[in-house]
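Each chain gets a letter, A, B and so on, in the order the sequences are listed, and its residues count up from 1.
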Amino acid sequence: MSSLTPLSQLLEAVFFAASRPLTVEELGALDPDASGADVRTAIDQLREHYDFDGHAVEVVELAGGWQVLTRASFAAAVERSQAAQRQPRLSAATLESLATIAYRQPVGRAEIEEIRGVNSGGVLRTLQERGLIEVVGRSEGLGRPLLYGTTPLFLELLGLNDLADLPRAEELTIALQPHQVAPDATDDGAYASVEEG
Amino acid sequence: MSSLTPLSQLLEAVFFAASRPLTVEELGALDPDASGADVRTAIDQLREHYDFDGHAVEVVELAGGWQVLTRASFAAAVERSQAAQRQPRLSAATLESLATIAYRQPVGRAEIEEIRGVNSGGVLRTLQERGLIEVVGRSEGLGRPLLYGTTPLFLELLGLNDLADLPRAEELTIALQPHQVAPDATDDGAYASVEEG
Amino acid sequence: METLQVAVEVEPAVDRAFVVDLDGFTGPLDLLLHLVREEQIDIANIQVSRIADQFLRAIHSLGLNQAADYLEMAGRLIRLKAQTLLPRRFDDDTWEDPRAELVRRLLEYQQVKEIAVRLGRMAERRALRYARGFLPPPAAAPPPLPIVLDLADMLIAVERVISGIPDPVLHRVVARPLDVESATARIVLLLADRDEFDWREALGNHPTLVDVLSTLLAILELAKRGSIRVLQDIPFGNLVIAREFADPAVATA
């Protein structure tokens, strides 16, 4: 493998100085002569170099940008070294609220509570403080309640590039349309089509 | 240059994730079979690899330990990328708070939050640090909260001579009236109209 | 689908707090799913009344704070139970089996749980990869921060703020039409004349429902004050209002 090109070197330096994904625009601003295509080519070169030489880090596309991360196979080593803190696990309540917001956004607190059947004020505040959700507007409904949506940090935390990478409804065991219509009223008690988990 | 050895890979992962220099003892703990001499050899291999392939990072001996840092020659690029990440434009939330203060001044934090429906503490601090707003007094109300107003810099940045030059509420699509009340006057007098905050 | 198993153990209220196996437990729907499963009830034959009773029993053991989160679900279940118990006409085409809503909600929630489990796994996988730990200290900021602020942006912000202001909520307060004072006055007037009389005489001519209610309240109030006695011979019989003599001596006189 040959040496790195000047632009891949620049990118490597900046990736090593950042702990969040950087967009192609941000990376392009490093060199006024570099086009978006140049940046993409340099990213590919860096990635191939890391793969080819067996580096413990890799270039990952994440939350709409690019970031260098350690490979998953070195997780145990990093943990053993105690040189870095592992991300705390998200609680079930947090994940359920996040799931509801991610799929229904923009969505109000009442709808989240309706789906989870439990008061969600505390969870929403925590999610907002952690920067995983944000207020994206207000509903037109009574009292004009706040509407929530997920942030890029949410994608980062899940290792997703885009909201479209979330598991799709068809992949789920129970296929359910959002805001499903009432089942046929004439067909009393016949919920045969319902799949039990 | 050949691929990295398993131990230099381990070191690379840990150097990347660590936030401080790591000692040879700490690094040796990663692999129970590795002696101090093995660790030193692996560090040298990693350093040579970075040098030979023209990586933008290098292995540096520092504060009694070892650390991977970006090379000094890339300092300017790193600074440029950090500067690019610094938002020179005000965020939507900041602008909204600023707008509220401009039209309602002197105004307290509680009133700003009531109008915007979100916590404004951080935004107010930012605006104060940037010299766009200042404390202009204290309210007579409970707890005597601080009252904010805009600064001359605010006018300067907008190219205005005086606060009176701000577009007047009537010129805006929706009239901005403090505490608008809209009881229906044509209603039967038997009904008392009660305004709810 | 082992991922959706909910391990909930509702233990007796040893420790006034709601004791559940917290692994994966987050809310009333979890509890409901658990009850549905524990009963081994086919989801097509959910006996809402049994589930509702168990749910209520479970939340009885909660402290007030925890129970508050469950009240909405409890209320919903009670309503469902009432709906299933109510008789209905055969020709009522609009009737929808109230269990349908429960099934819908449980399914929807199961879906959310499944997604949550998947998101949790994704987060776990992501947590195996570490981001750069050491970050160079930020370069010193150039002294005068170039703030970009223009009037157009700010006016757009003003519009946003204004459009976000909720309309004031106006409550129409209806004057209470019950007139207990007049009804009381009528009764007192009648008592000045006679020792006892039929309560309907206090209603006045052509009484409305409101007059009846006002009179009843007036009677209750006067009885409470000890000014009158209310007599009734038989259940559902007529009410007779009698003057209450404050002084027993007067009464026997």
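Between A:A77 and B:V14, the shortest heavy-atom contact is O-CG2, 4.0 Å. Considering every non-hydrogen atom in both B:D53 and A:D53, the closest pair reads OD2-OD2, 2.8 Å.
The line from CG of A:L4 to OH of B:Y50 is 11.0 Å long, rounded to the nearest 0.5 Å. Taken from CG in A:L10 to OG in B:S73, the straight-line distance is 9.5 Å, to the nearest 0.5 Å.
Both the backbone and the side chain of B:Q9 come within less than 4.5 Å of a heavy atom of chain A. Within the 4.5 angstrom heavy-atom criterion, atoms from both the backbone and the side chain of B:A17 approach chain A. Only the backbone of A:L69 comes within less than 4.5 Å of a heavy atom in chain B; its side chain stays farther off. For chain A, the nearby parts of B:L30 are the backbone and the side chain; heavy atoms of each come within less than 4.5 Å.
For A:E12 and B:H55, the side-chain atoms include at least one donor-acceptor pair closer than 3.5 Å.
In B:R40, the CZ atom is not crowded: 12 or fewer heavy atoms of neighbouring residues, nucleotides or ligands sit closer than 6.0 Å. For CG of B:N161, the number of neighbouring non-hydrogen atoms (other residues, nucleotides, ligands) closer than 6.0 Å is 12 at most. In the displayed structure, A:R86 atom CZ is contacted under 6.0 Å by more than 12 heavy atoms of other residues, nucleotides or ligands. The local environment of CZ in B:R144 is crowded, with over 12 non-hydrogen atoms from other residues, nucleotides or ligands closer than 6.0 Å.
When side chains are defined from C-beta on, B:F16 does not count as touching A:F74, because their heavy atoms never get closer than 4.5 Å.
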